[in-house]
K.L.:
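The structure under discussion is supplied below as structure tokens; questions concerning it will follow.
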Amino acid sequence: MTARRPGPRAHAADVMNRARPGHRTLDAEVEEVRREARRRFGGFVLDVANPGSHFRNKERRPLDNRVFEQAGALGLLGFSLPTESGGEGRDKLAWGVVVEEVARLSRDPGFAVLLDISVEITELILSSGTPELIETYVPDLVAGRRFGVQGAYESRDPYDYRSTARLDGDTWVLNGAKRFLAGAAFADLFVLFLRDEASNDMLAFLVEKDDPGVTPVSMDTMGMHTMGLGQVVLHEVRLPRTRLLWRADALSELNTYARIRRTMSACGVLGALDGVIENCVEALSSRRRGGRRVLDYPNVERSVGELRMLLQSARASVYRALDGTRSPDRDPYFDEFATVAKHHASECALRVGQLVMSLQGGEAYMSAFPWERFMRDILGLISGQGSQEMLLMQLGQRTIVGLEGRRVREEAAERAVAKLADGWWALHAAAHEGGGEFAEAARAVVAAAGLDAGDSGDTDAGGVGAGDAHAGGAEARGAVAALLDRAHALVAAVRAGRSPEALPEGPAGLFEGRLAGLAEGAWGLLACGVARETGLLARLLQPCTAREAAGDLPPALAEGLLEALVGASVAHRDGEGRYAVAEGLERVLIGGPRASAFAARLRRALDGGARLWGGKPDAGGAVPAGCGGEAAPLADALVNSLLGRLEGLPELLDRPGAQVGCAAGDGGRSAVELARHIPFVPVLALEPEPVATDAVRVGGGGGGEVRVRVAGPAGFAEDDRLALAWLPAAGLPAGELRPAVEAAVAALLPGGWIVLPCPLPPKRPLGAAAARLDLALAGGRVPDDGEVEGVLAAAGLGHVRAAWDDAALGLRLVAARRPA
């Protein structure tokens with residue numbers, strides 16, 4: 001038997017560095033553009049722009065305009081401009097790399113910044129869509145024969161500008177001043193943002209330096225002496241209407257300009273960082289201390305390593321922002337990554353300056369060397385496109401609005417599904433003919449839904465009459481009955497593994513008026529419940545076709561469910577025919593506490609409707625709100641939101657022999673959730689009847705022990721030593737709430753807490769009535785306003801309060817403490 005020859009030795013990199021065939025990294029793309037920039041423009045920067053830069057800076061002389069004309073002849077100014085305007089049409093990632101490379105090679109940190117400013121002024125003019133302006137100015141700007149800058153800064157809100165424009169016949173009259181314009185000393189034209197005196201809107205005008213009443217004024221600054229920083233003063237400047245760049249909402253255009261300028265400003269900082277680090281290490285290479293090269297000392301190596309770390313971390317943020325400019329979904333007015341890149345690159349530059357100053361010693365303070373100038377000029381670059389504090393404020397505002405907006409969307413999505421359930425309960429209540437304890441709750445739903453026609457049996461609104469119905473009412477009731485038969489047959493078939501080939505006929509065209517809308521909602525709830533139980537809804541977390549979403553379901557059934565979900569706004573379909581779940585529903589589909597609660601509410605609605613429709617609405621046939629699957633988010637909220645607010649509870653839970661008591665009566669499921677979230681503390685579960693061991697087994701993750709004792713809700717004993725008593729109020733009839741609370745209080749340790757999960761019905765009347773019917777079918781109820789708090793106070797407890805609530809879940813937690 002011949003031995004098999006071993007294959008080539010495997011390496012860790014072979015396993016770890018996997019990529020799709022043909023994948024090209026961003027670094028590779030950047031390096032290709034960088035090589036192109038050096039080949040095409042490196043000689044120009046080194047031979048034309050750099051010579052004389054030291055003395056221009058010393059004498060505070062701005063760059064010669066002829067430098068920009070030569071840059072235009074090389075194609076540098078047109079690199080990223082549209083081809084139809086004489087440019088090359090390259091994207092902003094490529095242009096950002098060019099700006100970085102120019103800044104790296106340049107002895108003048110402001111040169112790359114000025115190049116980009118002129119390019120973006122050209123883009124502003126192109127975006128105006130005004131042929132006369134484009135034909136007059138764009139060719140000269142692309143060729144470098146003219147240089148343009150932007151002016152908006154006044155240290156005031158845009159709608160509070162002191163620089164104004166007023167329309168006088170066919171002429172605009174401009175007055176005011178704009179400060180801190182890069183290139184103002186030698187610019188040929190300016191794009192200025194001013195406030196319209198009549199509308200208070202922001203407008204943008206194209207102003208030439210030779211227009212009567214325009215006066216550029218130089219500024220004396222700490223650094224950036226070659227950038228020609230200055231002001232522009234306007235006095236009764238009269239312009240034709242054609243010079244108006246945007247007729248309204250110029251603020252949006254300014255935000256777009258600022259968005260990309262921040263990224264490009266960061267590119268300039270990045271190139272300056274690379275250049276100064278390279279020059280610093282080169283300057284240190286010949287220095288010796290104590291017979292050793294300075295670069296061989298560990299502390300110097302460490303400082304150089306930090307310089308490299310700062311450069312690379314700044315690059316990572318800048319390249320991420322540059323890559324984002326190619327996304328079609330990018331926010332046109334605010335770019336978070338651009339703002340982060342600008343702020344982070346500036347902070348890195350400051351730290352680099354400090355390290356370089358330390359490494360260079362006395363030379364760092366001499367103006368004859370580049371280090372002092374770097375520090376001054378970097379400070380000037382930092383102030384452009386927003387101060388560091390302003391950038392952080394904008395990011396903070398954006399973060400707060402984004403997080404709050406996401407939460408609003410998530411809650412709105414859950415409430416939208418809850419409103420579908422309103423229709424589901426309304427149809428069942430209207431069709432329910434039984435009496436007994438549920439009749440009153442069903443009538444309340446019918447009345448809240450607007451389906452109660454009174455004693456006359458009037459059904460003009462398309463409702464189901466409550467009195468002796470005439471032909472119209474009988475027909476409507478018959479259609480409702482047939483629809484509910486089809487709905488419950490579908491649920492039963494799917495759960496039994498016998499899914500029909502297609503979705504049964506829905507309510508479309510069967511009803512009119514109010515009943516039609518409720519029926520559509522009910523059908524949407526049905527589709528949502530079936531789609532969740534079959535896994536179809538979860539598959540929509542990633543956009544997919546109907547075939548991909550179907551899984552094991554018959555294709556026609558899946559397509560019917562998808563269309564019903566789209567009709568109910570639970571899902572949407574894009575232009576390519578792919579389906580995706582509605583924004584905001586992700587958190588209830590990806591797993592976790594919210595997902596289990598969402599599933600529990602859907603299943604309870606389907607099952608409760610089935611019992612009511614089937615004529616077997618025996619109370620106690622389901623788990624009431626706040627128990628079972630809904631216990632998971634409540635236990636999560638207790639530990640992660642409330643634990644620190646329930647004074648003394650964490651310490652009490654650490655006391656030897658302390659327990660958590662749970663009287664949910666849901667087969668131990670609430671107790672399991674408490675044990676999972678409060679591990680290593682025993683949980684005593686009171687259940688009205690014996691529970692199988694597997695029903696209360698705690699899953700992985702280090703959950704604690706659950707011990708079950710058969711007893712009613714009042715079955716806590718004084719020696720149970722409870723640090724926390726968990727007592728869902730929805731499952732307790734009015735007469736049992738008080739004794740249950742008193743028994744739990746007696747079992748509490750001094751300083752212990754009792755927490756009562758309570759229903760929180762929606763504010764809309766139909767939703768509140770439906771919640772009460774839902775609870776009634778489960779043998780529970782909604783306590784009256786203030787009832788729970790009153791019982792807790794009467795039991796001698798303190799710190800009574802509603803400690804937490806969630807309107808989307810429809811639940812709240814009421815807490816109270818036993819005095820120590």
K.L.:
Counting C-beta onward and ignoring hydrogens, is there a side-chain heavy-atom pair between Phe111 and Val67 closer than 4.5 Å?
P.N.:
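Side-chain contact under 4.5 Å: yes.
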
K.L.:
Give me the atom names and distance for the closest heavy-atom approach of Gly148 to Ile121.
P.N.:
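Here Gly148 and Ile121 meet closest at O-CG1, 3.4 Å.
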
K.L.:
Nearest 0.5 Å, what's the CG-CG distance between Asp274 and Leu105?
P.N.:
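So the gap between those two atoms works out to 9.0 Å.
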
K.L.:
Quick check: do Leu26 and Leu93 have side-chain heavy atoms less than 4.5 Å from each other?
P.N.:
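Leu26 vs Leu93: side chains touch.
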
K.L.:
Evaluate the side-chain proximity of Phe193 to Val191: yes if any heavy-atom separation is below 4.5 Å, no if none is.
P.N.:
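Yes - at least one pair of side-chain heavy atoms lies under 4.5 Å apart.
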
K.L.:
Step by step, work out the side chain to side chain contact (heavy atoms under 4.5 Å, CB included) result for Ile134 and Leu126.
P.N.:
CA-CA 6 Å; Ile134 294 172; Leu126 287 170; 3.9 Å; yes

K.L.:
Would you please classify the geometry between the Phe205 ring and the Trp172 ring as parallel, tilted or perpendicular, with 30° and 60° separating the classes?
P.N.:
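It falls in the perpendicular class, over 60°.
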
K.L.:
Taking C-beta and beyond as the side chain, do Leu310 and Leu355 meet within less than 4.5 Å on heavy atoms?
P.N.:
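Yes, their side chains come closer than 4.5 Å.
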
K.L.:
Determine, stepwise, if the pair Ser85 / Thr122 fulfils side chain to side chain contact (heavy atoms under 4.5 Å, CB included).
P.N.:
CA-CA 10 Å; Ser85 301; Thr122 308; over 6 Å; no

K.L.:
Please determine if Glu306 and Arg302 form a salt bridge, counting it only when a charged side-chain N lies under 4.0 Å from a carboxylate O.
P.N.:
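Result for this pair is yes, salt bridge flagged.
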
K.L.:
Walk me through whether Val30 and Leu322 qualify under side chain to side chain contact (heavy atoms under 4.5 Å, CB included).
P.N.:
CA-CA 10 Å; Val30 166; Leu322 286 172; over 6 Å; no

K.L.:
Using a cut-off of 6.0 Å, state whether more than 12 heavy atoms not belonging to Arg351 lie near its atom CZ.
P.N.:
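Atom CZ in Arg351 is crowded, with more than 12 foreign heavy atoms closer than 6.0 Å.
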
K.L.:
Does a salt bridge link Asp211 with Arg243, judged by any charged N lying under 4.0 Å from a carboxylate O?
P.N.:
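Salt bridge: yes.
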
K.L.:
Within the 4.5 Å heavy-atom criterion, are Arg238 and Asp168 side-chain neighbours or not?
P.N.:
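A side-chain contact under 4.5 Å exists here.
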
K.L.:
Do the side chains of Arg104 and Glu101 get close enough for a salt bridge, i.e. N-O under 4.0 angstrom?
P.N.:
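Salt bridge flag = yes for Glu101 with Arg104.
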
K.L.:
Which atom pair, heavy atoms only, marks the closest approach of Ala94 to Val33?
P.N.:
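Of all heavy-atom pairs spanning Ala94 and Val33, the closest is O-CG1, 3.5 Å.
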
K.L.:
Can you tell me how far the CG atom of Leu284 sits from the CZ atom of Arg293, to the nearest 0.5 Å?
P.N.:
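Here the interatomic distance stands at 10.0 Å.
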
K.L.:
For Asn279, give me all partners under side chain to side chain donor-acceptor pair (under 3.5 Å), at least two apart in sequence or on another chain.
P.N.:
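Scan of Asn279 (side chain to side chain donor-acceptor pair (under 3.5 Å), adjacent residues dropped) gives none.
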
K.L.:
What are the two closest heavy atoms between Ala182 and Ile117, and how far apart are they?
P.N.:
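Minimum heavy-atom separation between Ala182 and Ile117: CB-CD1, 3.7 Å.
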
K.L.:
Who pairs with Arg39 by side chain to side chain contact (heavy atoms under 4.5 Å, CB included), at least two apart in sequence or on another chain?
P.N.:
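Side chain to side chain contact (heavy atoms under 4.5 Å, CB included) check on Arg39 returns Glu36.
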
K.L.:
Flag the pair Arg241 / Leu244 as yes when at least one side-chain heavy-atom distance between them is below 4.5 Å, and no otherwise.
P.N.:
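They are not in side-chain contact.
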
K.L.:
Between Arg315 and Glu31, does at least one N-O distance fall below 4.0 Å, as a salt bridge requires?
P.N.:
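Between Glu31 and Arg315 there is no salt bridge, as every charged N stays at least 4.0 Å from the carboxylate O atoms.
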
K.L.:
Looking at CZ of Arg287 and CD of Gln360, how far apart are the two atoms once the value is rounded to the nearest 0.5 Å?
P.N.:
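One gets 4.5 Å once the value is rounded to the nearest 0.5 Å.
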
K.L.:
Could you go step by step and tell me if Phe147 and Lys209 meet the side chain to side chain contact (heavy atoms under 4.5 Å, CB included) rule?
P.N.:
CA-CA 11 Å; Phe147 183 82; Lys209 70 173 182 179; over 6 Å; no

K.L.:
Is it true that Ser199 and Asp196 share a donor-acceptor pair across their side chains at a distance under 3.5 Å?
P.N.:
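On atom types as modelled, these side chains qualify, holding a pair under 3.5 Å.
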
K.L.:
For the CG atom of Leu229 and the CZ atom of Arg179, what is their distance to the nearest 0.5 Å?
P.N.:
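CZ of Arg179 is found 13.0 Å from CG of Leu229.
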
K.L.:
Check whether any side-chain heavy atom of Ser118 sits under 4.5 Å from a side-chain heavy atom of Leu141, and report yes or no.
P.N.:
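SC-SC contact between Ser118 and Leu141 confirmed.
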
K.L.:
What heavy-atom pair brings Gly268 and Ala103 nearest, and what distance separates the two atoms?
P.N.:
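For Gly268 versus Ala103, the nearest heavy atoms are O-CB, 3.5 Å.
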
K.L.:
Using modelled atom types and a 3.5 Å cut-off, is there a donor and acceptor pairing between side-chain atoms of Tyr137 and backbone atoms of Glu132?
P.N.:
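Flag not set: sc Tyr137 to bb Glu132 has no pair under 3.5 Å.
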
K.L.:
Apply the side chain to side chain donor-acceptor pair (under 3.5 Å) test between Lys178 and each candidate in Glu154, Gln231, Gln150; give the one that qualifies.
P.N.:
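In the set Glu154, Gln231, Gln150, the residue that makes a side chain to side chain donor-acceptor pair (under 3.5 Å) with Lys178 is Glu154.
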
K.L.:
For Ser106 versus Asn50, what's the shortest heavy-atom pair and its separation?
P.N.:
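Shortest heavy-atom separation between Ser106 and Asn50 comes out as CA-OD1, 3.3 Å.
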
K.L.:
So does Arg146 pair up with Asp188, basic N to acidic O under 4.0 Å?
P.N.:
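Judged by the 4.0 Å cut-off on N to carboxylate O distance, Arg146 and Asp188 do not form a salt bridge.
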
K.L.:
Evaluate Glu32 against Arg38 for salt bridge (charged side-chain N to carboxylate O under 4.0 Å, His left out), listing each step before the verdict.
P.N.:
CA-CA 10 Å; Glu32 182 178 324; Arg38 286 197 292 266; over 6 Å; no

K.L.:
With a 3.5 Å cut-off and sequence neighbours excluded, list the donor-acceptor pairs that the side chains of residues 72-84 form with protein atoms.
P.N.:
none

K.L.:
Do the side-chain N and O atoms of Arg195 and Thr164 include a donor-acceptor pair separated by under 3.5 angstrom?
P.N.:
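Looking only at side-chain atoms, Thr164 and Arg195 do not form any donor-acceptor pair under 3.5 Å.
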
K.L.:
Quick one: do Glu586 and Arg406 make a salt bridge, cutoff under 4.0 Å?
P.N.:
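Result for this pair is no, no salt bridge flagged.
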
K.L.:
Could you give the distance from OG (Ser346) to CZ (Arg262), rounded to the nearest 0.5 Å?
P.N.:
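Output value for this atom pair is 10.5 Å.
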
K.L.:
Find out whether the Lys NZ or Arg CZ of Arg292 is both under 6.0 angstrom from the six-membered ring centre of Tyr297 and within 45° of the ring's axis.
P.N.:
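Yes, Arg292 sits over the ring of Tyr297.
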
K.L.:
Give the minimum heavy-atom separation between Glu236 and Arg166, together with the two atoms involved.
P.N.:
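Of all heavy-atom pairs spanning Glu236 and Arg166, the closest is OE1-NH2, 3.4 Å.
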
K.L.:
When rounded to the nearest 0.5 angstrom, what distance separates CG in Leu206 from OG in Ser128?
P.N.:
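That separation rounds to 8.5 Å.
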
K.L.:
Could you walk me through whether Arg407 and Glu410 pass the salt bridge (charged side-chain N to carboxylate O under 4.0 Å, His left out) check?
P.N.:
CA-CA 5 Å; Arg407 178 58 57 86; Glu410 289 171 346; 3.7 Å; yes

K.L.:
Going by distance alone, is a donor N or O of one side chain under 3.5 Å from an acceptor N or O of the other, for Glu29 and Tyr319?
P.N.:
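Checked: Glu29/Tyr319 side chains show no N/O donor-acceptor pair below 3.5 Å.
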
K.L.:
Would you check if there is a donor-acceptor pair between the side chains of His344 and Ser313 at a distance under 3.5 Å?
P.N.:
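Yes, a side-chain donor-acceptor pair sits under 3.5 Å.
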
K.L.:
Under a 4.5 Å cut-off applied to non-hydrogen side-chain atoms, are Asn175 and Leu194 in contact?
P.N.:
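The answer is no, as the side chains (C-beta and beyond) never meet within the 4.5 Å cut-off.
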
K.L.:
Would you say Thr136's side chain and Leu133's backbone share a donor-acceptor pair under 3.5 angstrom?
P.N.:
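Absent.
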
